[in-house]
Amino acid sequence: MASVPSIIAPPLNLASAAGLRTFSRTLLVVPRKPLSTSSRALRSLRTLCPSNFPCRRLLTARACTDGGNGSADTRQFDFDLFTIGAGSGGVRASRFAATYGAKVAICELPFSTISSERAGGVGGTCVLRGCVPKKLLVYSSKYSHEFEESRGFGWTYEADPKHDWSTLIANKNAELQRLTGIYKNILQNAGVTLIEGRGKIVDPHTVDIDGKYYTARHILISVGGRPNLPDIPGIEYAIDSDAALDLPSIPEKIAIVGGGYIALEFAGIFNGLKSDVHVFIRQKKVLRGFDEEIRNFVSEQMSLRGIEFHTEETPQAIVKSSDGSLSLRTNEGTVDGFSHIMFATGRKPNTQNLGLEDVGVELAKNGAVLVDEYSRTSVDSVWAVGDATDRVNLTPVALMEGGAFAKTVFGNEPTKPDYRAVPSAVFSQPPIGQVGLTEEQAIQECGDVDIFTANFRPLKATLSGLPDRVFMKLIVCANTNKVLGVHLCGEDSPEIIQGIAIAVKAGLTKADFDATVGIHPTSAEELVTMRSPTRKFRKDPSIAMDNSGIEFKSQS
Amino acid sequence: MDSTDRFGIGIRASRAILFLWRGIVMARKMLVDGELGQTIDEEKQYDFDLFVIGAGSGGVRASRTSAAFGAKVAICELPFHPISSEVIGGIGGTCVIRGCVPKKILVYGAQFRGEFEDCRNFGWELSDQIDFNWKKLLHNKTQEITRLNGIYKRLLSNAGVTMFEGEGKLIDAHLVEVTQSDGTTKQYSAKHILIATGSRAQRVNIPGKELAITSDEALSLDELPKRVVILGGGYIAVEFASIWRGLGAEVDLFYRKELPLRGFDDEMRAVVAKNLEGRGIRLHPGTNLSELRNGENGVRVLTDHGDEITADVVLFATGRLPNTKRLNLQAVGVEVDKTGAIKVDEYSRTTVPNIWAVGDVTNRMNLTPVALMEGTCFSKTVFGGQPTKPDYIDIPCAVFCIPPLSVVGLNEQQALEQAKSDILVYTSSFNPMKNTISGRQEKTVMKLVVDSETDKVLGASMCGPDAPEIMQGLAVALKCGATKAQFDGTVGIHPSAAEEFVTMRSITRRVAAGAKPKANI
């Protein structure tokens with residue numbers, strides 16, 4: 001990239017920069033029509049191309065030399081890349097692009113623990129309102145379980161341990177401040193210009209930040225997502241996950257609406273910190289999309305720890321009574337006396353009022369930026385990564401997308417993010433780790449599937465006397481012997497699944513798992529000592545009976 | 001022929017087939033020899049197809065899997081007791097009664113101290129008075145190992161294995177004598193005999209050695225010691241150092257080398273030493289104990305540096321020796337090595353063709369899962385018609401010190417010795433997220449050793465919380481020859497410690513083959 005002189009704009013003084021900006025803006029207005037035609041032509045060429053890869057390579061080579069804009073060869077931009085949003089994906093993409101020699105700017109809203117149209121902060125959801133603060137609160141809340149466990153190991157307390165919420169929140173916020181500072185340093189050290197303010201796209205090469213215009217050869221949208229609350233009466237009394245991570249005091253009794261991972265994680269946090277926790281879900285089960293057995297197992301275990309699940313209840317209204325307490329009315333009835341009602345009912349891409357529609361960037365119904373496999377939007381010079389595209393909304397996936405974007409656009413190595421066997425975790429208590437297909441998906445995709453399961457009481461629980469159990473499941477394709485999916489629920493599951501994910505991603509077989517010697521005594525060793533299938537599925541049930549003699553269980 | 005078909009499937013390279021074929025022919029020949037022997041023996045009727053001496057991990061596994069192949073199996077084991085000797089032991093063996101399981105239970109108990117320290121910055125207010133009741137932990141531990149002992153008995157009886165309580169010894173190649181606790185003896189004949197008697201802790205020979213205890217007693221002390229001296233730098237020594245420190249004792253750890261855990265990666269050894277010190281254990285590297293004396297308020301421990309320490313308990317964690325002395329091995333022609341370990345071939349066969357041995361008694365790789373593997377391979381070979389060698393490549397293991405160490409594959413030093421090309425070393429030393437709030441000053445360290453030519457990951461190690469649980473999955477990947485590119489191609493789990501293993505982007509150092517490894521921690 002550095003060898004292409006036209007890309008990296010020479011240092012500009014302010015006056016000339018302003019001049020250039022006007023110049024490029026006028027330039028842009030003129031060729032807009034033919035431009036979009038030509039890019040459409042290119043795109044249809046892409047679809048004609050039998051093998052996408054070499055074709056993209058050609059395209060990207062063009063993109064690199066002239067920004068995919070044949071008539072703009074001579075144009076100068078303030079930046080090679082302007083990134084809107086300094087969360088996981090945006091920071092990664094900016095840093096990597098800068099390493100490839102690109103001149104990069106990134107803009108981000110001012111820091112706040114609660115996000116809005118006007119507030120955000122360098123680090124993004126993961127660092128400020130997601131993974132990190134969530135996990136810190138999980139750590140804190142887990143202690144109450146550990147205190148209980150410790151009694152079986154001979155520890156006794158003169159007085160029961162007490163929790164002080166404000167100490168936790170103060171220490172958490174100090175850590176977030178430290179991390180946002182680290183992210184700023186990372187950007188600075190990579191030579192990325194950080195601009196505080198709200199970025200808005202004015203045209204395919206211009207970003208407006210609070211009235212100031214910046215031009216860029218490429219624009220990357222990485223604005224992330226935000227909690228989405230349904231429009232029901234009294235919703236103004238509800239909190240979302242942003243607020244839940246930064247409450248002034250611990251809820252006495254909280255209703256959590258939602259059955260997704262965020263709902264379960266917060267249920268665990270508040271339950272561990274001794275709130276009275278009620279979870280309301282519309283469906284019969286929590287964690288739609290997860291393996292059915294995991295869904296059953298995790299809610300059983302959470303119930304045993306004192307969380308009350310209200311299934312098949314759809315919230316209809318929140319009522320505030322005169323004593324200040326909140327009631328949740330659902331289709332089934334009303335539950336009173338909540339100090340807090342939290343909605344964890346999904347997140348929405350932050351794509352409103354970004355000017356995207358005006359410049360022709362197509363959005364999905366839910367507001368997600370539509371992108372191709374290389375994260376390019378319907379406008380050739382505009383790209384998007386992370387939760388804003390609503391693909392797989394995980395930090396490491398945003399990092400992967402950001403890395404792939406930088407390689408494609410500035411590294412001259414067209415790279416598609418690879419979504420196969422992406423592992424993920426739910427930091428519920430007990431936590432979940434999973435990679436690959438669920439049993440239901442595996443049966444659909446592979447047909448002949450062997451299921452190995454283990455459901456056991458871990459060594460720690462035999463001493464603590466608590467009803468904790470561990471569930472593990474290995475899904476194997478009967479024809480290829482490949483391990484298609486692994487699902488764990490129990491202590492340390494997220495840590496255990498990472499190494500397993502390497503094996504699954506590498507396409508390893510059940511025989512490979514069996515050939516591995518266990519580490520004793522661990523929970524994880526169970527994954528390499530599962531000798532006989534719990535059940536087998538065959539497309540033709542009679543074959544299953546003939547070959548295995550093992551009872552065939554139907555999918556239901 | 002059947003087995004050829006099975007092995008032949010999917011192997012295309014003719015050399016591989018040839019190699020396999022040779023192996024099968026040899027293996028078949030071996031079995032045929034056995035069968036030849038059998039035709040002579042067949043006139044004799046044996047009480048059992050297999051008699052196993054010792055019902056630990058290896059013996060129980062071999063008995064059960066042999067019985068599953070249709071063999072008539074008996075097993076003998078000494079009466080149950082937490083502390084082993086020539087005449088007491090118990091079904092379950094070292095792992096269940098005096099090793100892995102009770103050890104890990106005590107480690108769990110000890111870990112809570114760190115949690116009490118860490119939880120305060122997470123908002124918890126604990127009374128200054130947190131008491132630890134050793135007797136309660138001991139009671140619960142004994143209850144648990146007694147329960148497991150019962151489970152093992154049930155496993156055996158459900159598998160149709162006949163159990164005898166008593167001390168087994170060989171009379172001849174097909175005859176075992178079991179001495180019961182009342183002194184009466186009975187003899188049983190068997191076509192095959194498997195020795196799985198395990199090993200026992202060994203004391204070093206210094207004056208006053210009888211004042212020291214071994215790990216057996218350490219797991220069952222009546223009182224929790226306040227001052228402990230531990231001699232040894234192996235995994236047992238560091239594990240007990242962590243246990244006692246966690247339970248509140250003052251611990252002094254003495255070992256001869258500069259670092260504990262000889263045989264592990266030097267860099268990781270240094271990390272463990274630093275962490276032990278960080279958790280309040282006093283380390284005495286390069287120091288030996290010269291004498292133990294009875295003192296007024298404890299055992300007086302004299303070191304070869306001329307220092308003296310008084311301790312309530314002195315633990316010798318100075319190695320283990322195979323339990324082969326009273327088996328009458330020599331009389332029947334079973335050879336042992338200098339340490340008393342039974343010599344076996346790759347199929348666990350001793351120098352007497354129908355006598356076999358697995359587990360610690362053979363002193364190959366003394367780990368429970370390895371004994372299990374050897375036991376299974378033995379029954380496949382002898383009763384399953386599938387000659388199977390245990391595979392000792394890429395066996396993961398863990399040291400349950402606090403925080404634990406876990407490794408798989410080659411360490412940096414081994415990789416350099418074996419390497420034909422340069423070695424790429426990736427290391428990561430980071431503050432785990434929990435410590436950012438707790439304030440604990442303890443880094444988690446991870447390391448990958450990669451072959452620069454093949455990109456294969458040759459070894460992985462980690463010292464930090466959850467290391468043993470994390471390493472198991474990496475072990476599957478390594479066992480199957482995973483490359484660094486495959487590690488990198490795996491998406492991380494965020495936020496976890498383990499994700500660091502798939503995000504190690506830059507090489508810490510490149511070491512030329514044959515060069516001396518550097519460790520700079």
Side-chain angles (χ1 to χ4, degrees), chain A residues 131-132 135-136 139-140 143 146 150 152-159 161-165 167-168 171 175 394-397 400 418 422-425 433 459-460 462-463 492 494-503 505-506 508 512-513 515-525 527-528, chain B residues 100-101 104-105 108-109 112 115 119 121-127 129-134 136-137 140 144 367-370 373 391 395-398 406 433-434 436-437 466 468-477 479-480 482 486-487 489-499 501-502:
Chain A
C131 319
V132 174
K135 182 116 191 238
L136 293 177
Y139 277 130
S140 180
Y143 282 113
E146 284 165 41
S150 72
F153 289 87
W155 296 93
T156 50
Y157 307 85
E158 206 175 55
K162 280 202 172 63
H163 189 261
D164 179 49
W165 174 260
T167 304
L168 170 64
N171 288 346
E175 173 61 11
L394 295 169
T395 291
V397 170
M400 171 172 71
D418 179 358
V422 170
S424 66
L459 182 58
K460 201 172 189 181
T462 61
L463 269 276
D492 299 332
E495 298 288 355
I496 295 171
I497 202 75
Q498 184 71 76
I500 298 295
I502 303 172
K505 180 78 191 253
L508 298 190
D512 294 327
F513 275 68
T516 306
V517 173
I519 300 180
H520 190 68
T522 60
S523 288
E525 68 180 317
L527 289 168
V528 298
Chain B
C100 321
V101 174
K104 180 116 190 233
I105 289 173
Y108 276 134
F112 288 110
E115 302 301 338
C119 74
N121 279 345
F122 281 101
W124 288 96
E125 291 156 10
L126 297 185
S127 52
Q129 196 57 38
I130 305 170
D131 287 322
F132 174 69
N133 183 336
W134 167 251
K136 182 171 179 187
L137 177 56
N140 287 353
E144 173 60 8
L367 296 168
T368 290
V370 171
M373 171 173 70
D391 177 1
I395 290 177
C397 70
S406 194
M433 188 190 274
K434 198 172 178 178
T436 61
I437 299 289
D466 303 328
E469 299 287 355
I470 291 169
M471 201 53 63
Q472 185 70 74
L474 296 187
V476 180
K479 181 79 188 169
C480 302
Q486 281 171 323
F487 273 61
T490 305
V491 174
I493 300 267
H494 190 69
S496 68
E499 68 181 316
F501 269 122
V502 298

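Reminder, nothing fancy here: chain letters follow the sequence lines and each chain counts from 1. This structure is a prediction, so every number in the text was calculated from the model and none was measured.
Highest contact tally toward chain A, considering only B/F487, B/W134, B/W124, B/F132, is held by B/W124 [criterion: heavy-atom pairs under 4.5 Å]. Counting heavy-atom pairs closer than 4.5 Å to chain A, the top-ranked of the candidates B/L474, B/L367, B/D466 is B/D466. Interface check for chain A: of the options B/A398, B/A475, B/C397, B/S406, the most heavy-atom pairs under 4.5 Å are formed by B/A475. Of the listed residues (B/I437, B/T368, B/D391), the one with the most heavy-atom contacts under 4.5 Å to chain A is B/I437. Of the listed residues (A/L394, A/T462, A/V397, A/V132), the greatest number of heavy-atom pairs within a distance under 4.5 Å of chain B belongs to A/T462. Interface remark: of the candidates B/I395, B/L126, B/T436, B/T436 forms the most heavy-atom pairs closer than 4.5 Å to chain A.
Ion pairing between B/E115 and B/K434 holds under the 4.0 Å rule for side-chain N and carboxylate O.
With a threshold of 4.5 angstrom between heavy atoms, A/E525 approaches chain B through its backbone and through its side chain. Contacts of B/M373 with chain A are made by side-chain atoms alone, with heavy-atom separations under 4.5 Å and no backbone atom involved. Only the side chain of B/V502 comes within contact range of chain A, with heavy atoms under 4.5 Å apart. Using a 4.5 Å cut-off between heavy atoms, A/S150 contacts chain B through both its backbone and its side chain. Within the 4.5 angstrom heavy-atom criterion, atoms from both the backbone and the side chain of B/E499 approach chain A. Using a 4.5 Å cut-off between heavy atoms, A/D512 contacts chain B through both its backbone and its side chain. With a 4.5 Å cut-off on non-hydrogen atoms, A/L463 touches chain B through its backbone and its side chain both.
Note that CG of A/L136 is 11.5 Å distant from CG of B/N121, once rounded to the nearest 0.5 Å. For the atom pair CZ (A/F513) and CG (A/L508), the distance works out to 6.5 Å, reported to the nearest 0.5 Å. To the nearest 0.5 Å, atom OH of residue A/Y139 and atom CE of residue B/M433 are 6.5 Å apart.
B/E469 places no side-chain N or O within 3.5 Å of a backbone atom of A/I496 that could act as its donor or acceptor partner.
Taking all atoms of both residues into account, the shortest heavy-atom contact from A/T516 to B/Q472 is CG2-NE2, 3.8 Å.
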